[in-house]
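Proteins get letters first, then strands, A, B, ... in listed order; numbering begins at 1 in each. The basis for the numbers below is simple: all heavy atoms, side chains too, and nothing from hydrogens, waters or symmetry mates.
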Amino acid sequence: MKFYNTLTRNKEEFVPRDSGKVGIYVCGPTVYGYVHIGNARPYVFFAVMARYLRSIGYEVNLVENITDVDDKIIERAGKEGVPAEQVAETYAQAYLKDTDALGLGRPDIEPMATRHIPEIIDLCRRLVEAGMAYETGGSVYFRVGRSAGYGKLSGQKTDQMKHCELAREGESKESPLDFAVWKGAKPGEPSWDSPWGPGRPGWHIECTAMSLKYLGQSFDIHGGGQDLIFPHHENEIAQAEAVTGESFARYWMHNGMITTKEEKMSKSIGNIFLLREFLKKYDPRVLILFFLGSHYRSPLEFSTANLEEAASRLERFKNCFWKAGSLLAEAELSAAGPASQGEDLAGAIERAEAEFQAEMQDDLNTAGALAALFGLVRQINEYAVAAANTGAVDAGLLGRARDLLARLLGILGIEIGAGDYAETEVEAELLELIRQREEARRAGDFTAADAARDRVAAAGYEIRDTPQGPKLVKKT
RNA sequence: GGCGACGUGGCCGAGUGGCUAGGCAGAGGUCUGCAAAACCUCGUACAGCGGUUCGAUUCCGCUCGUCGCCUCCA
């Protein structure tokens with residue numbers, strides 16, 4: 001299995017530190033606002049990655065932090081006139097609620113910065129003791145100049161950086177490149193006692209402290225959005241390697257940005273689209289399919305057209321399950337299916353599994369994996385046509401095909417179930433309408449038949465006439 | 001100024017030194033009272049210019065264009 005490693009800028013064979021186990025740390029959101037689509041991408045991608053790794057037998061420990069103390073949170077609190085802690089609490093809860101709705105489960109550990117202050121202070125202290133950081137004015141700064149290999153992740157050279165020329169006000173750093181690991185508290189800000197007086201963690205230190213705590217040194221995979229490569233991840237590496245002397249994370253994986261009108265979606269630009277708003281209009285699986293339809297490292301344009309396409313893809317999967325399900329429900333188990341189509345379907349089952357695996361093993365190429373699944377969908381549909389024509393179904397074979405599709409889609413986080421077509425337990429009123437429509441059709445009164453169909457449609461169901469009679473499908 | 005990514009048919013989007021991506025939309029057909037779903041058929045795409053090669057969309061160089069990072073950002 002190969003992953004693209006930002007550190008080496010190459011696809012590399014993945015070898016876990018501990019055989020059979022994978023430790024992943026992902027930088028989650030800073031909770032000063034509702035989760036937007038851009039935030040959702042790494043959440044979804046790494047959740048799918050963990051699912052896939054588990055499906056092939058790895059024991060996965062997925063750690064995804066929530067940053068609950070930060071300049072932006074304090075800023076927001078000031079604007080709203082509420083304590084910073086309350087802002088963090090409110091949006092952390094909202095983050096959990098909104099992402100829960102995607103149905104991908106939770107990461108194994110979701111550590112919060114404010115619950116790890118002792119670890120953070122300890123890390124700062126070790127940096128100071130090692131001469132890699134220094135206190136000034138109640139804050140502690142990392143000495144970038146002493147960090148060997150600084151810039152190895154981002155390719156940045158310190159002497160070429162723009163902000164070399166920028167001096168921030170109110171800081172007394174030795175070098176403009178130095179960054180805070182501990183920020184001295186200003187009045188009204190959340191703070192904790194430390195050897196350097198009251199203060200709070202710098203932006204990068206929490207991730208170093210928490211990843212080392214939960215995953216140990218030289219853990220497997222560190223991920224996040226591409227916009228975190230510099231300075232966040234670069235600084236995490238500098239801090240960790242300054243105290244451990246060992247490599248921090250061995251594989252760095254970064255997802256591409258979500259754009260709108262070809263511009264990055266970000267809170268500072270203000271062109272964000274909230275996950276909760278999305279979920280009011282779309283099935284959560286539409287978002288997953290939207291993300292998975294392109295490679296995780298590519299930028300992805302958030303547009304109505306692209307979402308509609310993802311929605312159509314979901315419909316195609318659902319229709320396939322519906323067709324296979326109806327056929328299986330009526331099939332006589334002993335019946336033999338159409339021979340030549342059966343061979344095709346048997347072949348398609350093997351091919352889909354093999355292609356799916358090959359694509360996922362190649363840097364988690366979910367777009368290719370989906371293509372493999374659509375290949376199986378087509379074969380199932382073809383088989384359904386042949387079965388309808390001949391009246392014979394090999395239920396075992398068709399069942400295997402459907403179950404494989406369900407299993408592989410499930411790995412990708414797409415579950416399709418009875419709730420999607422609800423053929424049973426339909427309200428009596430609807431059944432009566434269908435009966436009336438059938439009666440009207442037999443009588444040749446198509447105006448009345450269509451009127452009945454319209455009423456069924458108004459109730460949220462679509463009628464599909466099949467050789468076995470009319471069927472109901474839930475509309476989305 | 002520095003670092004990096006990318007430019008594929010109407011659209012989205014994989015991928016490859018010579019062999020079908022896939023999806024969406026569209027056209028025609030099958031089925032249907034009409035639909036819906038599904039199936040069948042249909043599109044000689046790889047920014048431009050050079051180079052390497054028997055052969056390049058795929059490798060190399062240049063040009064043009066787009067985007068991201070270098071400041072908070074997933």
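- Comparing B:G33 with B:C19, their P atoms sit 46 Å apart, to the nearest whole Å.
- Nucleic acid contact for A:Gly151: none, since no nucleic acid atom lies under 4.0 Å from a heavy atom of the residue.
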Quiz prompt | Heavy-atom protein contacts under 4.0 Å, nucleotides 28-40 of chain B, coded B base, S sugar-phosphate only, - none | solution = -----BBBBBSSS
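- Defined by atom type and a distance below 3.5 Å, a donor-acceptor pair is missing between the side-chain atoms of A:Tyr25 and A:Asp220.
- Both the sub-6.0 Å distance and the 45° axial angle are not jointly satisfied by A:Arg76 relative to the ring of A:Tyr32.
- Computed from coordinates, the A:Asp363 CG to B:A14 P distance equals 12 Å when rounded to whole Å.
- Nearest-nucleotide positions on RNA chain B for A:Glu301 and A:Gly375 put A:Glu301 closer to the 5' end.
- Both the sub-6.0 Å distance and the 45° axial angle are satisfied by A:Arg106 relative to the ring of A:Tyr95.
- Evaluation of atom-type donor-acceptor distances gives no pair under 3.5 Å for the side chain of A:Ser154 against the base of B:C3.
- Of the candidate nucleotides B:C69, B:A74, B:G22, B:A74 has the atom nearest to the side chain of A:Asn255.
- Comparing B:C72, B:C11, B:A74 by their nearest atom to the side chain of A:Glu309 picks out B:C11.
- Nucleotides B:C60 and B:A27, compared at atom C1', are 42 Å apart to the nearest Å.
- Between A:His222 and A:Trp252, the ring planes are parallel. Angles under 30° get that label, and only those over 60° would be called perpendicular.
- To the nearest whole angstrom, the two C1' atoms, one in B:C54 and one in B:G22, are 32 Å apart.
- Counting heavy atoms from C-beta outward, A:Arg441 and A:Asp465 have side chains that approach closer than 4.5 Å.
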Exercise. Would you write the dot-bracket representation of RNA chain B, where each base gets (, ), [, ], | or . depending on whether it forms a Watson-Crick or G-U pair under 3.5 Å and with which partner?
Key: (((((((..(((.....[...))).(((((.......)))))....(((((..]....))))))))))))....
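- Heavy atoms of other residues, nucleotides or ligands lying less than 6.0 angstrom from CZ of A:Arg455 number 12 at most.
- Closest to the A:Phe230 side chain, of the nucleotides B:A74, B:C69, B:G22, is B:C69.
- The CG-P distance, from A:Leu364 to B:A14, rounds to 14 Å in whole Å.
- Note that CG of A:Leu62 is 8.5 Å distant from CD of A:Glu110, once rounded to the nearest 0.5 Å.
- A:Glu439 pairs with exactly one of A:Arg435, A:Arg442, A:Gln436 by the side-chain hydrogen bond (donor to acceptor under 3.5 Å, both in side chains) rule, that one being A:Arg435.
- For A:Gln226 and B:G68, a side-chain-to-base donor-acceptor distance below 3.5 Å is absent, hydrogens and geometry of angles not being considered.
- The pair A:Arg285-A:Asp283 counts as a salt bridge, with a side-chain nitrogen and a carboxylate oxygen less than 4.0 angstrom apart.
- Protein atom CG of A:Leu307 is 19 Å distant from nucleotide atom P of B:C11, rounded to whole Å.
- Each of A:Gly224 and A:Ala372 has a nearest nucleotide on RNA chain B; the 5'-most of these lies closest to A:Ala372.
- Using a 4.0 Å heavy-atom distance criterion, A:Leu228 is classed as a sugar-phosphate-only contact.
- If you check residues 290-299 of chain A against RNA chain B, the residues with a heavy atom closer than 4.0 Å are A:Gly293, A:Ser294, A:His295, A:Ser298, listed by number.
- The local environment of CD in A:Glu350 is sparse, with at most 12 non-hydrogen atoms from other residues, nucleotides or ligands closer than 6.0 Å.
- Rounded to whole Å, the distance from NE2 on A:His232 to P on B:C70 is 13 Å.
- Straight-line distance between the P atoms of B:G7 and B:C59: roughly 11 Å, to the nearest whole Å.
- Comparing the C1' positions of B:U58 and B:G18 gives a spacing of 11 Å, expressed to the nearest Å.
- A:Gln357 and A:Tyr52 share a side-chain donor-acceptor pair at under 3.5 Å.
- Atom name P, nucleotides B:A56 and B:U52: the rounded distance is 11 Å, in whole Å.
- In this structure, A:Phe356 atom CZ and B:A14 atom C1' are separated by 15 Å, rounded to whole Å.
- Ring centers of A:Tyr91 and A:Tyr34: under 6.0 Å apart, within the cut-off.
- Atom CD of A:Glu308 and atom P of B:C24 are 13 Å apart (whole Å).
- Using a 4.0 Å heavy-atom cutoff across all strands shown, A:Asn365 reaches sugar-phosphate atoms only and no base atom.
- Using a 4.0 Å heavy-atom cutoff across all strands shown, A:Ile258 reaches at least one base atom of the nucleic acid.
- At whole-Å resolution of the value, CD in A:Glu234 and P in B:G2 are 19 Å apart.
- Base contact: A:Ser268 has a heavy atom under 4.0 Å from a base atom.
- In this structure, A:His116 has its ring center closer than 6.0 angstrom to the ring center of A:Tyr214.
- Among the protein residues, A:Gly38 comes within range of the nucleic acid bases, having at least one heavy atom under 4.0 Å from a base atom.
- Checked against the 6.0 Å centroid criterion, the rings of A:Tyr296 and A:Phe291 do not qualify as a close aromatic pair.
- Rounded to an integer number of Å, the gap from CZ of A:Phe374 to C1' of B:A21 is 13 Å.
- One C1' atom belongs to B:U20, the other to B:G43, and the distance between them is 14 Å to the nearest Å.
- As judged by a 4.0 angstrom heavy-atom cut-off over every strand, A:Lys267 is placed among residues touching the sugar-phosphate backbone only.
- Comparing the C1' positions of B:C62 and B:G28 gives a spacing of 46 Å, expressed to the nearest Å.
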